[in-house]
Amino acid sequence: QVHLVESGGGLVQAGGSLTLSCAASTRLFSYSCVAWFRQAPGKEREFVAAITWTGDTVNYRGSVKGRFTISRDNSKNTVYVQMNSLKPEDTAVYYCASRSGSKCAARAADFGSWGQGTRVTVSS
């Protein structure tokens with residue numbers, strides 16, 4: 001397992017922006033698919049976005065397409081998600097997760113390493 005630490009959450013007004021970071025302590029992270037998931041109170045954890053280890057393929061859930069951008073800097077063992085035009089329905093705890101190898105995924109069960117989460121609250 002890879003130790004992951006998320007940061008960048010906070011309180012923001014609707015329409016605002018936040019950038020979340022997911023940092024790993026091992027360079028093995030650079031050879032992993034990394035995804036962001038989120039879980040709102042009383043709801044199931046849901047996929048948000050994923051990026052392959054090369055960064056050349058990304059995938060988003062429909063409701064965040066055009067508003068969120070996932071990226072990575074393998075020299076820093078860090079993956080980011082830039083979140084723009086935030087909506088109250090984006091309020092959740094956001095988790096990053098990684099799985100080794102070239103294939104990415106969108107199911108939580110396919111990821112073996114998880115961070116502790118960072119809370120994002122969007123006020124209306």
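Being a predicted model, the structure only gives us computed values, none of them experimental.
A donor-acceptor pair under 3.5 Å is absent between the side-chain atoms of Ser17 and the main chain of Asn84, judged by distance alone. Side-chain atoms of Glu6 come within 3.5 Å of backbone N or O of Gly117 as a donor-acceptor pair. The main-chain N or O of Ser85 is found under 3.5 Å from a side-chain atom of Arg67 such that the two form a donor-acceptor pair.
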Side chain to side chain contact (heavy atoms under 4.5 Å, CB included) assessment of Trp36 paired with Ile70: CA-CA 9 Å; Trp36 287 94; Ile70 189 171; 3.7 Å; yes
Check step by step if side chain to side chain contact (heavy atoms under 4.5 Å, CB included) holds for Ser102 and Trp53. CA-CA 7 Å; Ser102 60; Trp53 74 273; 4.0 Å; yes
Test side chain to side chain contact (heavy atoms under 4.5 Å, CB included) on Val81 and Thr69; report intermediate values, then the result. CA-CA 5 Å; Val81 60; Thr69 302; over 6 Å; no
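Here the OH atom belonging to Tyr80 is positioned 9.5 Å from the OG1 atom belonging to Thr19, to the nearest 0.5 angstrom. In this structure, CZ in Arg99 is found 7.5 Å from SG in Cys104, a value given to the nearest 0.5 Å. Atom CZ of residue Phe68 and atom CE of residue Met83 lie 5.0 Å apart, to the nearest 0.5 angstrom. Interatomic distance, CD of Gln82 versus CG of Leu18, reported as 8.5 Å (0.5 Å rounding). Going from atom SG of Cys96 over to atom CG of Leu4 covers 4.5 Å, rounded to the nearest 0.5 Å.
Side-chain contact between Asn77 and Thr26 is absent, with no heavy atoms from C-beta onward closer than 4.5 Å. Side-chain contact between Thr57 and Ile51 is absent, with no heavy-atom pair separated by less than 4.5 Å.
The closest side-chain donor-acceptor pair between Ser123 and Gln13, if any, does not fall under 3.5 angstrom. Side-chain contact check for Thr78 and Asp73: no donor-acceptor pair (N or O, by modelled atom type) lies under 3.5 Å.
Phe37 belongs to a hydrophobic cluster whose other members, connected by ILVMFWY side-chain contacts under 4.5 Å either directly or through intermediates, are Phe47, Val93, Tyr95, Phe111, Trp114.
Of all the heavy atoms in Val34 and Arg72, the pair that sits closest is CG2-NH2, 3.9 Å. Considering all non-hydrogen atoms of both residues, Cys33 and Ala50 come closest at SG-CB, 4.5 Å.
Screening Thr91, Val64, Val12, Thr121 for a side chain to side chain contact (heavy atoms under 4.5 Å, CB included) involving Leu86 leaves a single residue, Val12.
A salt bridge (Lys or Arg N to Asp or Glu O under 4.0 Å) check over residues 37-54, counting only residues at least two apart or in different chains, returns the pairs Arg38-Glu46, Arg38-Asp90, Glu46-Arg61.
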